[in-house]
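Numbering of ligands and ligand atoms starts at 1, following listing order. In this chain, numbering begins with 1 at the start of the sequence shown.
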Amino acid sequence: MKIQIINGPNLNLLGVREPGIYGSSSFESYLDTLRKRYPDVEIAYYQSNVEGELIDKLQEVGFEADGVVLNAGAYTHTSIALQDCIRSLKAPVVEVHISNVHKREEFRHKSMISCACMGVIAGFGLDSYRLAIEAIIAAQ
Ligand code: DQA
């Protein structure tokens, strides 16, 4: 089974960026833990700060992966291009947020991509990614 994790803008700074909100662990070290927990799942990882590159990656993996875990960062709240892309794919996409976006500023309450995703997980810290993987496994 192959699951692709895709992180959007500023998520390369996890561990450094606003640790009070996003925690103090880097994504790379969390990824190690995740891969050890799911030895039978091939977990691929990609991060970009560029909207078009996220779309390119989704198009590349979205017809062969068993599922995609997507934290689109701030593009979540703005990107119709990502919504259109997710709609075009074969693989189910789970929208993930580390923070509970509904507890935060109002502009974070609206997602442009939720309507195209299999589901949304938000507010469980990095564990949100594990919960998304569980959801993809359960949907197989
Ligand atoms: C985020 C929430 C977004 O509002 C924000 O722009 C991010 C991270 C999260 O994981 O909590 O970059 O997606």
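Regarding atom 11 (O) of ligand 1, its nearest protein heavy-atom neighbour is S99 OG, 2.6 Å. Ranking protein heavy atoms by distance to atom 9 (C) of ligand 1, first place goes to I98 N, 3.3 Å. Nearest non-hydrogen protein atom to atom 4 (O) of ligand 1 is H77 NE2, 2.7 Å. For atom 8 (C) of ligand 1, the closest non-hydrogen atom of the protein is Y22 OH, 3.4 Å. Of the protein's non-hydrogen atoms, R108 NH1, 3.3 Å is the one closest to atom 5 (C) of ligand 1. Regarding atom 1 (C) of ligand 1, its nearest protein heavy-atom neighbour is H97 ND1, 3.7 Å.
Ligand 1 has no atom lying under 4.0 Å from any heavy atom of T76. For N10, the heavy-atom gap to ligand 1 stays at 4.0 angstrom or more.
Both L14 and I121 are part of a single hydrophobic cluster, where members link through side-chain heavy atoms under 4.5 Å apart. Note on F63: it does not cluster hydrophobically with V69, by side-chain heavy-atom contacts below 4.5 Å among ILVMFWY residues. Linking Ile, Leu, Val, Met, Phe, Trp and Tyr residues whenever their side-chain heavy atoms come within less than 4.5 Å leaves V68 and L131 in two separate clusters.
In terms of polar-atom proximity, R104 is not counted as a contact of ligand 1, lacking any N or O under 3.5 Å from an N or O of the ligand. The distance criterion of under 3.5 Å between nitrogen or oxygen atoms is met by A74 with respect to ligand 1.
Remark: ligand 1 atoms within the under-4.0 Å shell around heavy atoms of V101 are 2 (C), 4 (O).
Under a 3.5 Å cut-off, the side chain of Y22 and the backbone N or O of V16 do not form any donor-acceptor pair. For the pair H97 (side chain) and G125 (backbone), a donor-acceptor distance under 3.5 Å is absent.
For A116 against I86, the heavy-atom pair with the smallest separation is O-CG2, 3.2 Å.
Heavy atoms of other residues, nucleotides or ligands lying less than 6.0 angstrom from CD of Q140 number more than 12.
Using a cutoff of 4.0 Å between basic side-chain nitrogens and carboxylate oxygens, D32 and R35 are not scored as salt-bridged.
Contacts between R17 and ligand 1, counted as non-hydrogen atom pairs separated by less than 4.0 Å, involve the side chain only.
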